[in-house]
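A quick write-up on the structure given underneath.
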2 protein chains.
Amino acid sequence: MFDAACPSAASPFRIADKWGGMVVLCLEAGPRRFTELRVPLQRIAPKVLTETLRSLERDGFITRTVFDENPPHVEYELTPLGRSLLPAIAACREWGFANLDKMREARERYDGDGAEAA
Amino acid sequence: MFDAACPSAASPFRIADKWGGMVVLCLEAGPRRFTELRVPLQRIAPKVLTETLRSLERDGFITRTVFDENPPHVEYELTPLGRSLLPAIAACREWGFANLDKMREARERYDGDGAEAA
DNA sequence: GAGCCTAGTTACGTTGCAGTGACTGGGTCC
DNA sequence: GGACCCAGTCACTGCAACGTAACTAGGCTC
């Protein structure tokens with residue numbers, strides 16, 4: 001879903017923090033558990049995922065529900081406020097699909113000129 | 001235009017870097033000079049503005065034109081690629097107008113609970 | 001009783017963004 | 001000849017984000 005080559009890392013848009021937007025997208029289809037979120041976000045460290053989730057919870061975008069079971073069971077789910085982010089995130093993604101290549105070309109041109117001049 | 005109390009600093013959306021989105025908006029109406037950009041962005045340091053402009057130029061969002069005059073004269077202007085950002089930025093701003101208050105309330109609730117518990 | 005499960009925590013280190021304060025350089029004005 | 005103008009640069013600092021690696025807790029299974 002989001003592999004290391006995913007160009008979204010280069011997007012000029014950032015939601016909350018580096019992983020915030022991706023987590024929100026992962027929750028779009030419904031509630032998920034901690035380890036279910038780690039699967040699509042392969043490269044995220046548990047510590048960073050915890051921080052991201054706490055930050056999203058603080059901002060009122062997601063809820064954290066603990067089920068008193070064994071093994072432990074915690075679910076994260078988008079709130080209405082969290083869902084309100086989706087249209088804006090979609091606009092950012094659309095921009096990316098249409099223009100990220102142009103941005104990368106511009107960047108290579110700029111860096112290339114600099115390297116030649118040096 | 002963007003004073004210290006401007007809530008956009010709290011927005012979960014970030015374009016390029018902290019000031020990138022605001023600079024693009026400042027250039028929406030037409031080309032501007034370095035010091036003309038500093039006026040609406042009161043609190044930006046010249047170093048930071050230079051870095052922001054270089055970064056936007058690298059990504060192909062703006063052009064930098066030097067007029068060989070005295071005193072020095074440099075103009076920054078949006079490229080078509082830079083203008084392509086405007087609809088997405090507008091979507092992010094609309095989200096802010098509609099929801100930033102709710103986000104702040106959620107944040108205060110969260111921090112308040114934490115402070116009471118401690 | 002060793003090891004696995006989930007959902008984290010703790011300690012530590014690196015990187016980069018952001019910001020402050022002082023300074024530059026060529027030309028014009030007084 | 002001193003001060004001001006614009007458009008920066010330079011050296012330095014603070015802080016948060018990001019990341020790695022190792023460790024924890026309680027209960028279940030083998």
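Just so we're on the same page: letters track the sequence lines, and every chain starts at 1.
Note: CD (B/Glu36) to C1' (D/dG8) measures 16 Å, nearest angstrom. Distance A/Glu69 CD to D/dC28 C1': 14 Å, rounded to the nearest Å. Distance CZ (A/Arg38) to P (D/dT20): 10 Å, rounded to an integer number of Å.
Panel note: side chain B/Arg93, backbone B/Ala88; no donor-acceptor pair is recorded below 3.5 Å. Listed for the B/Arg14 side chain is no donor-acceptor partner under 3.5 Å among the backbone atoms of A/Ala16. Side-chain atoms of B/Arg58 do not come within 3.5 Å of backbone N or O of A/Ala106 as any donor-acceptor pair. The closest donor-acceptor contact from the side chain of B/Arg32 to the backbone of B/Cys26 lies under 3.5 Å. The backbone N or O of A/Gly60 sits less than 3.5 Å from a side-chain atom of A/Thr79, completing a donor-acceptor pair.
In this structure, A/Leu53 and A/Leu49 have side chains that are in contact, with non-hydrogen atoms separated by less than 4.5 Å.
Contacts of A/Phe67 with the nucleic acid, taken as non-hydrogen atoms under 4.0 Å apart, are absent.
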For nucleotides 4-6 of chain C, which of its nitrogen or oxygen atoms have a protein nitrogen or oxygen under 3.5 Å away, and what is each distance?
unit_1 : atom_1 : unit_2  : atom_2 : d
C/dT6  : O3'    : A/Arg33 : NH2    : 3.2
C/dT6  : O3'    : A/Pro72 : O      : 2.9

Just the atom pairs and distances: protein N or O near nucleotides 18-21 of chain C's N or O, under 3.5 Å.
unit_1 : atom_1 : unit_2  : atom_2 : d
C/dA18 : OP1    : B/Lys18 : N      : 2.7
C/dG19 : OP1    : B/Lys18 : NZ     : 2.7
C/dG19 : OP2    : B/Trp19 : NE1    : 2.9
C/dG19 : N7     : B/Lys47 : NZ     : 3.0
C/dG19 : O6     : B/Lys47 : NZ     : 2.3

Check step by step if side chain to side chain contact (heavy atoms under 4.5 Å, CB included) holds for A/Val23 and A/Tyr76.
-> CA-CA 10 Å; A/Val23 168; A/Tyr76 296 92; over 6 Å; no

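For B/Arg54 and D/dA7, the shortest distance from a side-chain N or O to OP1 or OP2 is not below 4.0 Å.
Contact record, B/Leu81 with B/Asp59: CD2-O, 3.6 Å, taken as the closest heavy-atom pair.
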